[in-house]
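One structure is given below, encoded as structure tokens.
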Amino acid sequence: MSIESTNFIRQIVARDIAAGKNDGRVVTRFPPEPNGYLHIGHAKSICLNFGIADSYGGACNLRFDDTNPEKENIEYADSIKRDVQWLGHEWRNLCYASGYFERLHGFAVELIEKGMAYVDSLTPEEIREHRGTLTEPGRESPFRDRGVGENLDLFARMRAGEFGDGEHSLRARIDMASGNINMRDPVIYRIRHASHWRSGDKWCIYPMYDFTQCLSDALEGVTHSLCTLEFEDHRPLYDWVLDNVDVPCHPQQIEFGRLNLNYTVMSKRLLNRLVQERYVAGWDDPRLPTISGLRRRGFTPASIRNFCERIGVTKSDGMVEMGVLEHAVREDLDNDAERRMGVLRPLKVIIDNYPANRIEELVARNHPKRPEFGERSIPFSREIYIERDDFMEDPPKKYFRLAPGREVRLRYGYYITCREVIKNEAGEVVELRCTYDPETKGGTSPDGRKVKGTMHWVCAENAVDAEVRVYDRLFQSANPTSENFLNQLNPHSLEVLRHCKLEPDLANAAIESRYQLERQGYFCIDADSDALHPVLNRTVTLRDSWAKQAA
RNA sequence: UGGGGUGUAGCCAAGUGGUAAGGCACCGGAUUUUGAUUCCGGUAUGCGCAGGUUCGAAUCCUGCCACCCCAGCCA
């Protein structure tokens, strides 16, 4: 059920193909920096880039934009590859900006030779002072007019390691008076005596983003270089570099709005803090909007792809409601997940007129609408568990679950009627005594009498004891800001339920397999499970019009 | 007082001069052994605001307003 939308970027690509631009080729790339884990916002970019390549017979590269050795590492790079693949995409080439370091250096030399770049010996602070402000032009560096020979010599010595970090930098010679601050002689190389996760200690000068991105794109023959809105005013620089150096092609940068999702944060910096400072259990904490977190939570790749398709791609920066993502998983899992029964907050029910030693097997469908999913048998006996919420001693109007004297249907089981309520000394209901109607096996009565409620249940004797982790939004605020986000954490974002009772079939469920627990929601078997003790994550609840009505 | 963007329903989003698609959410109703799913129906006399052009404007013009991004040797 994948919808292929059109959007302004696809229109540009289609138009370019029709016009014969780039000989009709389409090459895109997804260029993450390996300094953190991917999140749902990256998924939007991944789906866009790979999706366009797919539908126009092109190719998409995965390229690590690894020009800042101090922040990057291989763990991040590995996680990125894993996540892209899990989402279901295949890159044509696996590339690294660091793989272009030698050629990038050559382009820098070319710029110097043309008098379009110079070695500046101002300190970082002085450079900042010279840059001017948003409303005032910058001032030229006293080193701006150094001769080509001197620049070449200094740049060579920068590379050779003769200088310390920050002593010199290489700057593009553009326009210190430009209204666009990115054009005020941007630094394109800096000295950093740091070892790089791929190139080791080979380099002590590293190219900056603006110099690297456009040239990497050109070297890979990228036709459409898609990035987010904040790079819009870098585009003149992107084009300047490509226009002034001898490259095989000139990719077109196109910007789109990044994804914002309410009740969560998407910034890598903030996510990193949540992980490093232990507000969550790791990058794959199911409460996080990271790909690995969503995966552990039970989201499917298809649901994420459909979500990305549905929210569209535009230049307006909007805030998408979490409900859209939730709808996407429900839709996918409703179709694909097998059904089981499980009781999260058990209440014991004893069926007085059912023989004490008898256990019978009842037949349940694994999916209400897909017979090919088959059937399973579930045990039934005198003692069962039902959900505490499914009983009320003094029910409100329109409540059609169990109550004193009421008859309900046990799904795939019998009709039972509540005869007696057993309480402890504190007055809490601890047990129900019921009777069943032997004529209603399977859930229908020969006399055709109607019962309003159908409830899930689990046979007490054979139930599997499980831990279930139920999640709520990580933040209480729809739009947590970087200043207040720690204060906005939702203290109830994780609730661990122990001694939940599942039907026996679930004892052997595979890690990462997904089920619908009928009437409750979709759940995913967590990696913390062991043979005796499954752990489930609740991905999302079912829609619940009763909860809405009761509230 | 600089530069670059964006404004269509509660949220996303089509629309490219011919009379406001679709999705999510929401509200009705039907079916239902999951209060689920599914199915039907409803929800902008209105497109940031004000003028103008035109037989006709969300689309073109003018002026305003609001919001977002930019002053890392981060990406």
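Letters A, B, ... mirror the listed sequences (proteins, then strands); counts begin at 1.
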Pairing nucleotide - [N], Watson-Crick or G-U, each distance under 3.5 Å:
| N | result |
| --- | --- |
| B:U6 | B:A66 |
| B:U37 | none |
| B:G51 | B:C61 |
| B:C26 | B:G42 |

Heavy atoms under 4.0 Å, any strand shown: does [X] hit a base, just sugar-phosphate, or nothing?
| X | answer |
| --- | --- |
| A:Arg184 | nothing |
| A:Tyr189 | nothing |
| A:Ile127 | base |
| A:Pro368 | base |
| A:Tyr206 | nothing |
| A:Lys268 | nothing |
| A:Gly166 | base |
| A:Leu362 | nothing |
| A:Met319 | sugar-phosphate |
| A:Arg411 | base |
| A:Glu321 | base |
| A:His456 | nothing |
| A:Met208 | sugar-phosphate |
| A:Gln11 | base |

**Fill in**
Taking for A:Gln516 and for A:Arg190 the nucleotide of RNA chain B with the nearest heavy atom, the one nearer the 5' end belongs to A:Gln516

With rounding to whole Å, what would you report as the distance between [N] and [M] at their [atom1] atoms?
| N | M | atom1 | result |
| --- | --- | --- | --- |
| B:C68 | B:C73 | C1' | 27 Å |
| B:U43 | B:U62 | P | 37 Å |
| B:C69 | B:A58 | C1' | 26 Å |
| B:A30 | B:G17 | P | 46 Å |
| B:G46 | B:G15 | C1' | 14 Å |
| B:C12 | B:G7 | P | 11 Å |
| B:U59 | B:G48 | P | 8 Å |
| B:G22 | B:U8 | C1' | 14 Å |

**Message:** Which label fits A:Phe231 and A:His234: parallel for a plane angle under 30°, tilted from 30 to 60°, or perpendicular past 60°?
**Reply:** perpendicular

**Item:** For A:Glu232, all residues meeting side chain to side chain donor-acceptor pair (under 3.5 Å), sequence neighbours excluded
**Value:**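 Expected list: A:Lys315.
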
**Prompt:** Just by protein heavy atoms under 4.0 Å, how would nucleotides 1-8 of chain B read 5' to 3' in B, S and -?
**Reply:** -BBSSS--

Are side-chain heavy atoms of [X] and [Y] found at a separation under 4.5 Å?
| X | Y | result |
| --- | --- | --- |
| A:Ser141 | A:Tyr118 | yes |
| A:Arg519 | A:Arg411 | no |
| A:Phe64 | A:Glu72 | no |

**Asked** On the ring face of A:Tyr96, is A:Arg198 found with NZ or CZ under 6.0 Å from the centre and within 45° of the axis?
**Response** yes

**Geometric cation-pi criterion A:Arg473 and A:Tyr263, 6.0 Å radius, 45° cone** =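 Positive - A:Arg473 is close enough to the ring of A:Tyr263 and near enough to its axis.
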
**Prompt:** For A:Phe211, which of A:Phe107, A:Tyr100, A:Phe101, A:Tyr189 qualifies under ring-ring contact (aromatic ring centres under 6.0 Å, His included)?
**Reply:** A:Tyr189

Write down the protein N/O and nucleotide N/O pairs, taken from nucleotides 27-29 of chain B, whose separation is under 3.5 Å; answer none if there are no such pairs.
none

**Message:** Using the ring centroid of each side chain, check whether A:Phe380 and A:Trp457 are separated by less than 6.0 Å.
**Reply:** yes

**Prompt:** Can you check whether A:His168 and A:Phe155 have ring centres sitting under 6.0 Å from each other?
**Reply:**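 Distance test on ring centres: not under 6.0 Å, no.
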
**Request:** Could you check which of B:C73, B:A75, B:A36 has an atom nearest any side-chain atom of A:Ser169?
**Result:**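 Looking only at heavy atoms from C-beta outward on A:Ser169, the closest nucleotide is B:C73.
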
**Prompt:** Given B:A36, B:C74, B:G72, which nucleotide is nearest the side-chain atoms of A:Arg192?
**Reply:** B:C74

Let's test your reading of the model: under 3.5 Å, does the base of [N] pair with the side chain of [X] as donor and acceptor?
| X | N | answer |
| --- | --- | --- |
| A:Arg401 | B:G35 | yes |
| A:Arg339 | B:U34 | yes |
| A:Gln520 | B:U34 | no |

Just to confirm, is there a sub-4.0 Å distance from OP1 or OP2 of [N] to any side-chain nitrogen or oxygen of [X]?
| X | N | value |
| --- | --- | --- |
| A:Arg543 | B:C26 | yes |
| A:Arg519 | B:G35 | yes |
| A:Arg131 | B:G72 | yes |
| A:Ser545 | B:A36 | yes |

**Request:** Syn or anti for B:G72, please, going by whether the chi angle lies within 90° of 0.
**Result:**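 Syn, since the glycosidic angle lies within 90° of 0.
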
**Under 5.5 Å and under 30°: A:Trp546 stacked on B:G35** = yes

**Message:** Checking A:Phe299 against A:Phe307 for the ring-ring contact (aromatic ring centres under 6.0 Å, His included) test, could you report, in this order, the C-alpha distance in whole Å, the side-chain angles of both residues, the deciding distance, and whether it holds?
**Reply:** CA-CA 11 Å; A:Phe299 282 75; A:Phe307 168 76; 9.0 Å; no

**Message:** Please determine whether a side-chain nitrogen of the Lys or Arg among A:Lys441 and A:Glu360 lies less than 4.0 Å from a carboxylate oxygen of the Asp or Glu.
**Reply:**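 Counted as a salt bridge, because a side-chain N and a carboxylate O are separated by less than 4.0 Å.
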
**Asked** Hey, are A:Gln520 and A:Glu518 close enough side-chain-wise for a donor-acceptor pair under 3.5 Å?
**Response**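 The answer is no; no qualifying pair exists.
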
**Asked** With distance as the sole criterion, is a donor-acceptor pair present between the side chains of A:Glu75 and A:Tyr37 under 3.5 Å?
**Response** yes

Review item, side-chain donor-acceptor pairs of residues 543-551 of chain A, under 3.5 Å, at least two apart:
from     : atom 1 : to       : atom 2 : distance (Å)
A:Asp544 : OD1    : A:Trp546 : N      : 3.1
A:Asp544 : OD1    : A:Ala547 : N      : 3.0

**Asked** Can you name the residues that form a salt bridge (Lys or Arg N to Asp or Glu O under 4.0 Å) with A:Arg305, not counting sequence neighbours?
**Response** none

**Request:** For RNA chain B, determine which residues of residues 61-77 of chain A have any heavy atom closer than 4.0 angstrom to one of its atoms, and list them numerically.
**Result:**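 Output list: A:Asp65, A:Thr67, A:Asn68, A:Lys71.
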
